[in-house]
Amino acid sequence: MVQRLYKDKTAGMILDDRHEVLSIYNSQCARCKHFMEDDYYCSAYPDGIPDRLLEGSDTHDVIQPDQVGNTLYEPEN
């Protein structure tokens, strides 16, 4: 899974750079009803959506070996 959260417990800070990877034009994730934009995850990838899906180099039309459950891309209504 993708894990990019850097937590500094003393400062209470979290650094997450997944917004740099997401391509709103190429990725299905940006248009999927399961996508949680606040933390870049979904039920198929609760620990974070992989870069290949966020950047749009791969699609999520079939179940992937690294996902949880059987959730697939569904367009927002």
Side-chain angles (χ1 to χ4, degrees):
M1 291 291 167
V2 176
Q3 187 67 353
R4 285 207 187 86
L5 300 178
Y6 304 99
K7 298 180 182 182
D8 181 347
K9 293 180 182 178
T10 59
M13 295 172 45
I14 297 175
L15 172 66
D16 184 352
D17 67 349
R18 286 180 281 186
H19 66 280
E20 298 288 337
V21 178
L22 176 66
S23 171
I24 61 171
Y25 301 107
N26 297 325
S27 176
Q28 288 178 327
C29 297
R31 298 177 308 278
C32 182
K33 74 178 192 177
H34 304 290
F35 181 57
M36 301 297 182
E37 188 175 2
D38 57 336
D39 287 330
Y40 298 87
Y41 74 96
C42 67
S43 56
Y45 293 100
D47 293 328
I49 299 170
D51 289 355
R52 69 182 192 281
L53 296 174
L54 287 177
E55 67 190 10
S57 64
D58 199 359
T59 60
H60 196 201
D61 298 326
V62 296
I63 294 175
Q64 304 289 317
D66 61 341
Q67 79 173 65
V68 175
N70 58 2
T71 301
L72 296 174
Y73 165 75
E74 291 184 61
E76 291 180 315
N77 291 330

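Computed from a predicted model, the values in this text were never measured in an experiment.
Expressed to the nearest 0.5 Å, how far NE2 of His34 lies from CD of Glu76 amounts to 10.5 Å. In this structure, the separation between NE2 on His60 and SG on Cys42 is 6.5 Å, given to the nearest 0.5 Å. Atom SG of Cys29 and atom CD of Glu55 lie 10.5 Å apart (nearest 0.5 Å). Gln64 contributes atom CD, which lies 13.0 Å from atom CG of Asn70 (distance to the nearest 0.5 angstrom). In this structure, OH on Tyr41 lies 9.5 Å from OG on Ser43, to the nearest 0.5 angstrom.
The 12-atom threshold is not exceeded at CD of Glu37, counting heavy atoms of other residues, nucleotides or ligands nearer than 6.0 Å.
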Working for side chain to side chain contact (heavy atoms under 4.5 Å, CB included), residues Thr71 and Tyr45: CA-CA 9 Å; Thr71 301; Tyr45 293 100; over 6 Å; no

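Looking at Asp61, Val62, Leu53 one by one, the single match for side-chain contact (heavy atoms from CB on, under 4.5 Å) with Tyr73 turns out to be Asp61.
Closest non-hydrogen pair, Pro50 versus Asp66, comes out as CG-OD2, 3.8 Å.
Residues Ile49 and Ile24 fall within the same hydrophobic cluster, defined by Ile, Leu, Val, Met, Phe, Trp and Tyr side chains chained together at heavy-atom separations under 4.5 Å.
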